[in-house]
Amino acid sequence: TQLLEQSPQFLSIQEGENLTVYCNSSSVFSSLQWYRQEPGEGPVLLVTVVTGGEVKKLKRLTFQFGDARKDSSLHITAAQPGDTGLYLCAGLNYGGSQGNLIFGKGTKLSVKP
Amino acid sequence: NAGVTQTPKFQVLKTGQSMTLQCAQDMNHEYMSWYRQDPGMGLRLIHYSVGAGITDQGEVPNGYNVSRSTTEDFPLRLLSAAPSQTSVYFCASLALEGRLFFGEGSRLTVL
């Protein structure tokens, strides 16, 4: 069974701090996605990374796909209370059905004003 | 633009009761799926469908049935609910670019 390990599981920081969330696996994925989920809602896609070594930026969020396509990181610069939520990484297997993503257990981020 | 709509949002069942969670999408997506989300377990795939008339099992299919008679609808049936099925259930559909659109979730409690 392929697993995606996310760390840390919980993160509580002050507004303005920087943080990095990690998503690691021993398996190779054809692509990896990051979602954010707010309480009472479904996950919403933030980004998809496809190429090994790829870096994508979304305002203060920077996403990186590892060279070997086994891991990814999400870095948030100058976190704001609006960044609070559950961050999920999800990997797509080679040869798997396009929608059958494997999700990590998530990182619950709390940004205090 | 409704996206993915799930009903009901909340449901309480007794052990052994049956029920159906409804899911509808208005984006003409071929692929639809059901996940359950449990604390410390993340999102786990229950069943999925790559098009009308086609369904398949995911990681945790036991105790659940699905059907896909139309492109729009993908109901999830619990035939005999068990406390282990207490969870939050999410329906999702897949856009061509590989993005999953999720519903708002259905919180189910089985007593």
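First the proteins, then the strands, lettered A, B, ... as listed; each starts at 1. Predicted model, so just to flag it, every value in this text is computed and none were measured.
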Notebook entry, point to check: Can you name the nearest heavy-atom pair linking A:Gly104 to A:Leu88, along with the distance?
Noted result: O-CD2, 3.6 Å
Note to self: With chain A as the partner, which of B:Val88, B:Leu100, B:Asp38 has the greatest number of non-hydrogen pairs under 4.5 Å?
What the structure shows: B:Leu100
Please flag which part of [X] lies under 4.5 Å from any non-hydrogen atom of chain A: side chain, backbone, both or neither.
| X | value |
| --- | --- |
| B:Phe101 | neither |
| B:Leu45 | side chain |
| B:Gln6 | neither |

Item checked: Residue A:Lys56 excluded, over 12 heavy atoms near NZ under 6.0 Å -> yes
Notebook entry, point to check: With only heavy atoms counted, which part of A:Glu41 is less than 4.5 Å from chain B, the side chain, the backbone, both or neither?
Noted result: backbone
Margin query: Please classify the contact of A:Gln37 with chain B as side chain, backbone, both or neither, using a heavy-atom distance under 4.5 Å.
Written below: side chain
Checklist line | A:Phe65 ring center within less than 6.0 Å of A:Phe29 ring center | finding: no
Note to self: Ring centroids only, cut at 6.0 angstrom: are B:Phe74 and B:Tyr48 within range, meaning strictly under it?
What the structure shows: no
Check: Is B:Lys9 salt-bridged to B:Glu104, going by a charged N under 4.0 Å from an acidic O?
Finding: yes
